[in-house]
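First the structure, in the form of structure tokens, and then the observations on it.
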Amino acid sequence: MPDRTKDTRMNLFSDIRGAVLDALAAMQAEGALPAGLDMANVAVEPPRDPAHGDMATNAAMVLAKPAGQQPRAIAEALAARLAADPRIVTAEVAGPGFLNLRLTPDAWRGVVASALAEGADFGRSDMGQGVKVNVEFVSANPTGPMHVGHTRGAVFGDALAALLDFAGHEVTREYYINDAGAQVDVLARSAYERYREANGLDPEIREGLYPGDYLIPVGEALKARYGTSLLDKPESDWLADVRAFATGEMMQMIRDDLALLGVRMDIFSSEREITASGRVEEAIETLRGMGLIYEGTLEPPKGKLPEDWEEREQLLFRSTAHGDDVDRPVQKSDGSWTYFAPDIAYHWDKVKRGYGQLIDVLGADHGGYVKRLKAVVSALSDGSVPLEVKLIQLVKLYKNGEPFKMSKRAGTFVTLRDVVEQAGPDVTRFVMLTRKNDAALDFDFDKVLEQSKDNPVFYVQYAHARVCSVIRKAGEAGIAADDATLAGADLGHLSHDAELSLARKIAEWPRLVEIAARGQEPHRIAFYLYELASELHGLWNRGNEDTGLRFVQEGNVPVSQAKIALARATGVVISAGLGILGVTPAEEMR
RNA sequence: GGCCCCGUAGCUCAGGGGAUAGAGCGACCGCCUCCUAAGCGGUAGGUCUCAGGUUCGAAUCCUGACGGGGCCGCCA
């Protein structure tokens, strides 16, 4: 069982940063630097140009001004101290005051050893300090199957949740079911027509109802349950029952769709339950008590005035008090709640459940909704719980390089199931995570299935498969290559720069996890994995010309084991990274 | 009219205060007697949309243009 405590988990970059901070503290103790300096901006990172060294720190430049000293002078003094560190070979001042560090081969070998010892936990961070985070995502209306846009939201939300978990947060994946608005009444009426159809009558799929075939089995199920007892009854007799039944069926379908993608929610919250329990009124009254609810009229929107605009008094939330541009209506003119009102209650509910942070993953068309949500969470948590809204941009589908037109009407509506059945869950997930959430994504059915290096999924999978292949080959050659044996290998046999270079890339993994988690950017994992795979493929091919660089060295067990340990460490990181993205690592390519 | 996102190589995109701005594709030149060549190495290709500002330092932060997308009370 790998140890998960901070002291033993390897993160070479934060370790060296610690050494830099220690050296700076010692300089302060000696009076070489003034006390009370803010070290927050002192960074230790890989230099852009590897020729500069293994790691670089900007400490001298950051501290020069507050310390009232020349950057190069600080850097020189820091260099002298760091040179005494056994892990550091050279510390050279360069450029405007960078301090470039070169580490011993043993430092990099130590990273390989740690990756093997820590296994799937290598790179796990305690940065999140166990803070409870609620990630709400998908939340598709229970009125039909999930479409491509939902797919991206599902993949992003799930990967973000996994990433935050890996970075030390306690994560809850949550789905908010919009089962209370007018759209579920429409669903009920649509299902009722299918129920009539199931009973041999002609369905009347009027304008405004959902025409999709997916409701036909729901009609059948209604018949099985109610027989003919609902026929020729007024809507008021059956609406509530049919609605409950149909939304239940839709949610089952959505759960099945999510399962296809490998997404599992921890909690499903129901708008209907929140509304029925009186929590909306409670939330509004709480806001009223804060002076944030009032009767008023809104200014008409500037520019093009809607045709049917009329001034109207309604119940408003003073979201401008918490950073919004205008106040927002919580009640319609007929006195019923707007969609926003139950959302207020729902977010308050999440706050009360004790999360330290809320994240909503929403479609980009909800951009105009963000400020009021933040305002409400700010108001109801007294500013103590940050709400982050991640907007997911459009997915543009292509087939044969041609845009794929989608239209509900024409029946060319692409569902999550369509995508996953054609591309497979692994490809779907990886491709949808190769872009920032706030940038539009092109999804080309042909390109994503291509088996070449322009397809990042394939390329990363191939690297992992090669690692597995090496281990199989070792077995055939009679070289023990199980993890326990590899963990005990003498890594001193790794000395070629091409090998240490791969170890350097592996060393970046724990740092990358923290950067990605801090920015809530799972796409960084995907890009890193591509780079790591590239390093492995590069080293692999070096073995073509220089047989001494092949992983399996027939007849030399200790050297083989050291080299295979390096390959296996790479595989461990790829596997962990793919795990965060929700992609299964391939054992072999077939 | 307002708000949000985007603008980086021919194309698709990384990088989001730090040194000479990167990758893939496309183009060109090389590498299989060898652990999967489904791969690798190299060459060419940039006023980081523009203009100001902050900073020791700006593709990165701020302001304003311009271009593309999205949204803007009684839909959810």
Side-chain angles (χ1 to χ4, degrees), chain A residues 41 43 45 47-49 51-52 56 58 61-62 64-65 71 94-98 100 139 141 143 178 180-184 271 297-306 308-312 314 316 324-326 328-329 331-336 338-340 342-343 363-371 389 391 393-394 434-440 442 444 447 450-456 458-459 461-463 465-466 469-474 476-477 519 523-524 526-528 530-531 534 536-545 547 550-554 560 563-564 567 588-589:
Chain A
N41 290 327
E45 26 186 38
R48 185 158 5 214
D49 185 347
H52 290 140
N58 60 355
M61 289 180 293
V62 169
K65 196 165 195 178
F98 285 101
N100 291 326
S139 300
N141 287 341
T143 55
N178 295 125
Q183 79 285 354
V184 284
E271 178 186 1
T297 40
L298 286 173
E299 297 270 312
K302 299 272 160 46
K304 262 185 290 179
L305 196 65
D308 55 348
W309 175 268
E310 54 182 81
E311 211 163 77
R312 149 181 343 126
Q314 56 191 158
L316 300 172
D324 203 352
D325 308 305
V326 288
R328 305 293 179 172
Q331 234 172 26
K332 301 176 195 170
S333 48
D334 66 2
S336 64
T338 61
Y339 174 75
F340 184 39
D343 235 347
D365 55 345
H366 289 63
Y369 204 64
V370 174
K371 286 189 177 180
V389 180
L391 294 179
Q393 279 292 346
L394 287 176
T434 51
R435 207 103 309 171
K436 289 179 282 198
N437 61 286
D438 46 18
D442 291 346
D444 189 314
K447 278 189 184 163
E450 204 170 290
Q451 305 227 323
S452 73
K453 68 174 184 172
D454 22 324
N455 183 351
F458 170 79
Y459 189 76
Q461 292 280 30
Y462 187 31
R466 276 183 154 173
S469 163
V470 162
I471 291 168
R472 281 193 301 267
K473 290 284 173 186
E476 290 165 16
H523 75 276
R524 285 178 185 267
F527 282 94
Y528 169 80
Y530 187 89
E531 292 168 14
S534 180
L536 183 89
H537 290 310
L539 178 57
W540 181 286
N541 269 78
R542 294 283 293 264
N544 286 340
E545 295 148 20
T547 54
R550 292 186 197 166
F551 294 104
V552 178
Q553 299 286 317
E554 300 262 356
S560 293
K563 290 174 185 293
I564 296 166
E588 56 186 342
M589 310 302 289

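Residue numbers start from 1 in every chain, and the chains themselves are labelled A, B, ... in the order their sequence lines are given, proteins ahead of strands.
Applying the side-chain hydrogen bond (donor to acceptor under 3.5 Å, both in side chains) test to A:Q451 and every residue at least two apart in sequence or in another chain returns nothing. Shown here are the side-chain hydrogen bond (donor to acceptor under 3.5 Å, both in side chains) partners of A:E531, two or more places apart in sequence or in another chain: A:K505. Checked against side-chain contact (heavy atoms from CB on, under 4.5 Å), A:Y462 has the following partners two or more places apart in sequence or in another chain: A:F458, A:R466, A:H537, A:M589. Residues satisfying the ring pair (Phe, Tyr, Trp, His ring centres under 6.0 Å) test with A:Y528, not counting sequence neighbours, are A:W509. Listed by chain and residue number, nothing satisfies the side-chain contact (heavy atoms from CB on, under 4.5 Å) test with A:L394 (two or more places apart in sequence, or in another chain). Residues passing the side-chain hydrogen bond (donor to acceptor under 3.5 Å, both in side chains) test with A:N178 are A:E271, A:Y339, sequence neighbours excluded. Partners of A:Q461 under the side-chain hydrogen bond (donor to acceptor under 3.5 Å, both in side chains) rule, at least two apart in sequence or in another chain, do not exist in this structure.
The separation of B:G41 from B:C3, taken at their P atoms, amounts to 48 Å, rounded to a whole angstrom. Rounded to whole Å, the C1' atom of B:U49 lies 8 Å from the corresponding atom of B:G67. Annotation: B:G22 and B:U63 have their P atoms spaced 29 Å apart (nearest Å). Comparing the same atom, P, in B:A59 and in B:A9 gives a spacing of 15 Å after rounding to whole Å. B:A58 sits 11 Å from B:C48 when the C1' atoms are compared, rounded to a whole Å. B:A44 and B:G52 have their C1' atoms separated by 35 Å, given to the nearest Å. B:U8 and B:G2 have their C1' atoms separated by 29 Å, given to the nearest Å. Distance noted for atom C1' between B:G15 and B:C6: 16 Å (whole Å).
If you check every strand for non-hydrogen atoms under 4.0 Å, A:A43 touches nothing. Within the nucleic acid shown, A:Y530 comes within 4.0 Å of sugar-phosphate atoms alone, with no base atom in reach, counting heavy atoms only. In this structure, A:H523 reaches the sugar-phosphate backbone alone: every heavy-atom distance under 4.0 Å involves primed, P, OP1 or OP2 atoms, never a base. The residue A:A56 sits close to a base: some heavy atom pair falls under 4.0 Å.
Toward the 5' end of RNA chain B, the nearer of the two residues A:A182 and A:D49, judged by each one's closest nucleotide, is A:D49. Position along RNA chain B of the nearest nucleotide to A:E45 versus A:A364 favours A:E45 as the more 5'-ward residue.
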Could you go through the side chain to side chain contact (heavy atoms under 4.5 Å, CB included) check for A:R328 and A:F340 one step at a time?
-> CA-CA 9 Å; A:R328 305 293 179 172; A:F340 184 39; 4.0 Å; yes

Which is it for A:V470 and A:W540 under the side chain to side chain contact (heavy atoms under 4.5 Å, CB included) test, yes or no, and what are the steps along the way?
-> CA-CA 10 Å; A:V470 162; A:W540 181 286; 3.5 Å; yes

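Interatomic distance, OG1 of A:T434 versus CZ of A:R524, reported as 14.5 Å (0.5 Å rounding). The CG atom of A:D438 lies 8.5 Å from the NE2 atom of A:H523; values are rounded to the nearest 0.5 Å. Atom CG of A:L391 sits about 9.0 Å away from atom CG of A:D365, to the nearest 0.5 Å. Note that the CZ atom of A:R435 and the CZ atom of A:F527 stand 5.5 Å from one another [nearest 0.5 Å].
Between A:R524 and B:G15 there is a side-chain polar atom (N or O) within less than 4.0 angstrom of OP1 or OP2.
A donor-acceptor contact shorter than 3.5 Å links the side chain of A:Q314 to the backbone of A:Q331. In this structure a side-chain-to-backbone donor-acceptor pair under 3.5 Å is missing from A:N100 to A:A56. Within the 3.5 Å criterion, the main-chain N or O of A:Q553 finds a donor-acceptor partner in the side chain of A:S560.
Other residues, nucleotides and ligands contribute more than 12 heavy atoms inside 6.0 Å of the CD atom of A:E588. Within a 6.0 Å sphere centred on CZ of A:R542, heavy atoms belonging to other residues, nucleotides or ligands number 12 at most.
Going from atom CG of A:N178 over to atom C1' of B:C75 covers 11 Å, rounded to whole Å. Distance NE2 (A:H52) to P (B:A19): 9 Å, rounded to an integer number of Å. For the pair A:E450 CD and B:C25 P, the computed distance is 10 Å after rounding to whole Å.
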Treat primed atoms plus P, OP1 and OP2 as sugar-phosphate and everything else as base, then score nucleotides 32-40 of chain B 5' to 3': B for base contact with protein heavy atoms under 4.0 Å, S for sugar-phosphate contact only, - for none.
-> --BBBSBBS

What is the per-nucleotide protein-contact pattern of nucleotides 61-68 of chain B, from the 5' end, where B denotes a base atom under 4.0 Å from a protein heavy atom, S denotes such proximity for sugar-phosphate atoms only, and - denotes neither?
-> --------

Reading 5' to 3' through nucleotides 53-59 of chain B, protein heavy-atom contacts under 4.0 Å coded B for base, S for sugar-phosphate only, - for none = --SS--B

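For a distance-only test at 3.5 Å, the side chain of A:N100 qualifies as a donor-acceptor partner of the base of B:A19.
With its glycosidic angle within 90° of 0, B:C32 adopts the syn conformation.
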Under the rule of Watson-Crick or G-U wobble with both distances under 3.5 Å, where | means paired to another strand and [ ] a crossing pair, RNA chain B maps to (((((((..((((....[...)))).(((((.......))))).....(((((..]....))))))))))))....

What N/O pairs connect the protein and nucleotides 3-13 of chain B at under 3.5 Å? Give each pair on its own line.
unit_1, atom_1, unit_2, atom_2, d
B:C3, O3', A:K371, NZ, 3.3
B:C5, O2', A:D438, O, 2.7
B:C13, O5', A:R435, NH1, 3.2
B:C13, O3', A:R435, NE, 3.4
B:C13, O2', A:R435, NH2, 3.3

